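Presented below is the structure to which this report refers.
Below, read A as the first sequence line, B as the second, and so on, with proteins coming before strands; counting in each chain starts at 1. Values below: all heavy atoms of this structure, side chains included; hydrogens, waters and symmetry mates excluded. If you're wondering where the values come from, they're calculated on a predicted model, not measured in any experiment.
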Amino acid sequence: MTKKVRVRFAPSPTGGLHLGGVRTVLYNYLFAKHHGGEFIVRIEDTDQTRFVEGAEEYIFNTLEWCGLVPDESPKHGGQFAPYRQSERKESYRKYAEELVAKGLAYYAFDTAEELDAKRKETANFQYSHATRNAMNNSLVLEADETKKLLDANTPYVIRVKLEPHQEIKFTDLIRGEVHFDTTQVDDKVLLKADGMPTYHLAVVVDDYAMQISHAFRGEEWLPSAPVHIFLWDKLFGLENMPQWAHLPLILKPDGNGKLSKRDGDRLGFPVFAMDWKDPRTNEQTTGFKERGFLPEAFINMLAMLGWNSGSEQEIFTLDELIEKFSLERVHKGGAKFDFEKAKWFNHEWIKKLDVGSLKFEVEKLFATNNIIVHNTEKLDKVIAITKDRCTFINDFVQQASYFFKTPETVDIAAIQPKWDEKKHTFFSELVTVWESDFSADAMALEQQFKALAETQQIKAGELMLPLRVMLVGGKFGPGVFDIAVLIGKEETVNRIKNVLALLS
RNA sequence: GGAGCGUUGGUCAAGGGGUUAAGACACCUCCCUUUCACGGAGGAAUCACGGGUUCGAUUCCCGUACGCUCUACCA
């Protein structure tokens with residue numbers, strides 16, 4: 001019988017959630033939902049020195065924006081609560097002690113200074129089978145000496161004791177069988193001097209306690225996997241261990257290496273999912289959301305960075321991703337992040353979504369940009385004819401604001417060089433014509449326009465750009481006559497008059 | 001230094017013993033559009049290198065190179 005699928009995303013609340021983190025959540029979520037399982041969020045806050053105010057809340061806000069709702073978490077509750085490791089502190093110690101009792105771990109009294117000195121003295125120093133006998137721990141101390149130190153509340157940590165020349169192997173769902181020789185693995189700290197577990201102990205204990213069936217994490221964890229396997233073996237039995245999958249890394253676009261927030265700042269694109277303000281430095285970092293990304297596009301783009309369905313389809317809804325996702329099709333190698341492609345996904349999604357789905361976001365955007373919309377039916381039409389030319393939600397400001405207010409600046413330079421008296425006369429006449437007879441039909445307006453051009457013996461083509469600039473303010477936007485219809489007679493006429501005045 | 005992992009066009013990538021080595025992004029050319037986009041057509045790779053195995057290797061095996069990750073009482 002196979003276990004019920006239960007996966008977990010286990011972030012540390014230390015700052016904004018970056019691309020790689022969100023993708024890890026996504027793959028967890030997709031896998032869980034594909035298999036009808038549960039998606040758990042566990043907060044790994046065992047390092048009190050790195051705790052950052054607001055970071056946990058930020059994580060949940062990000063998940064909500066992305067539409068990746070946990071089944072269990074400190075926020076959503078669940079039968080395995082608490083879901084914050086700091087609140088589970090008491091549960092870890094006994095396992096560490098159990099290992100000590102079995103001779104598989106030991107107390108170490110070395111101070112930070114002593115360890116530093118050791119590292120300086122010997123290059124590539126590792127606390128391991130090769131060196132532990134020269135250190136200050138319960139392996140070299142007499143039993144009563146150890147007891148004395150313990151009784152005197154001497155600070156200590158508990159370290160795993162790995163015997164050399166043992167092979168540890170496991171099957172990674174993405175990479176296949178992975179082997180390690182314990183000779184190369186160091187005696188990792190399991191329990192810190194403050195009584196908190198390190199990641200190594202905490203993942204194992206909590207994954208067991210929370211009945212996690214599959215554990216996915218970034219590739220950077222692969223080298224410490226043998227410690228986790230060892231712990232599982234000795235504490236809970238390999239048969240209960242979750243299946244592992246180590247995800248490929250997301251790399252910086254230029255050069256090599258893991259993508260970092262710094263790269264985004266340097267290259268001009270977001271790395272965090274949403275805006276993040278570091279409470280310690282007050283440094284503000286822009287996120288994909290605020291940059292104008294749709295969550296659908298963000299998720300879609302992330303899913304394709306390291307995975308593909310095997311077909312030519314690239315645009316997927318969350319439901320489609322859930323249906324198609326499989327670990328077998330996740331790449332082994334890291335992927336360089338390409339912001340151009342990310343933009344393409346967003347553009348595709350804006351085109352794909354109907355007006356109703358876009359409207360709320362556009363309204364919010366307009367509100368913050370002081371664009372007043374009186375007529376929501378008009379807004380619908382405006383969104384419909386402009387959305388194809390918006391890559392970001394924020395582009396609607398530039399692409400659509402002139403429908404609701406007179407352009408503040410007009411690109412006079414675009415028409416001035418070829419401007420002459422004849423054109424001036426034409427537009428003056430046009431104003432007169434439209435003032436008396438302005439149709440709500442773009443075709444009709446165009447016909448009037450062309451007829452007038454003909455009687456004045458000017459090529460209509462030479463007049464199109466000036467008209468556009470008069471109405472729009474610049475050289476962009478949908479068909480001019482469609483625009484004229486939407487802004488209406490009064491605005492159309494006034495804008496022409498205004499620019500005419502500017503030109504003379 | 002050590003260990004682990006990885007390597008198909010600039011980027012994401014399909015494919016996987018015999019193929020004209022898909023597709024997308026970006027880029028360039030052209031068409032459409034009297035704006036800007038959308039859309040359409042076209043353009044680039046002998047699959048890191050060297051050895052095997054094989055009638056045949058980009059695909060399998062072994063090396064090498066290169067890259068990345070880890071090597072904290074951080075995760």
Table please: side-chain donor-acceptor pairs of residues 456-482 of chain A below 3.5 Å, with sequence neighbours left out.
unit_1	atom_1	unit_2	atom_2	d
R468(A)	NH1	F476(A)	O	2.7
R468(A)	NH1	G477(A)	O	3.3
R468(A)	NH1	P478(A)	O	3.1
R468(A)	NH2	P478(A)	O	2.8

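Checked against a 6.0 Å centroid threshold, the rings of H228(A) and Y199(A) count as neighbours.
Residues satisfying the side-chain contact (heavy atoms from CB on, under 4.5 Å) criterion with E296(A), sequence neighbours excluded, are L294(A), W349(A), L353(A).
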**Request:** Sugar-phosphate atoms are those with a prime plus P, OP1 and OP2; base atoms are the rest. Using that split, label each nucleotide of nucleotides 34-48 of chain B B, S or - for protein heavy atoms under 4.0 Å, 5' to 3'.
**Result:** BBBBSS---------
**Request:** Any chance you could list the contact pattern along nucleotides 63-75 of chain B? Use B for base contacts, S for sugar-phosphate-only contacts and - for none, protein heavy atoms under 4.0 Å, 5' to 3'.
**Result:** ----SSBSS-BBB
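Backbone-only contact: F180(A) has heavy atoms under 4.0 Å from sugar-phosphate atoms and none from a base. At the heavy-atom level, V472(A) lies nowhere under 4.0 Å from the strands shown. Backbone-only contact: H179(A) has heavy atoms under 4.0 Å from sugar-phosphate atoms and none from a base. Nucleic acid contact class of R217(A) (heavy atoms, under 4.0 Å, all strands): none.
Listed in residue order, the members of residues 13-22 of chain A having a heavy atom less than 4.0 Å from RNA chain B come to none.
Residue Y27(A) forms a ring pair (Phe, Tyr, Trp, His ring centres under 6.0 Å) with just one option from F9(A), F216(A), F325(A), and that option is F325(A).
Where RNA chain B pairs in unbroken runs of 3 or more (Watson-Crick or G-U, both distances under 3.5 Å), the stems are B:1-7 with B:65-71, B:10-12 with B:23-25, B:27-31 with B:39-43, B:48-52 with B:60-64.
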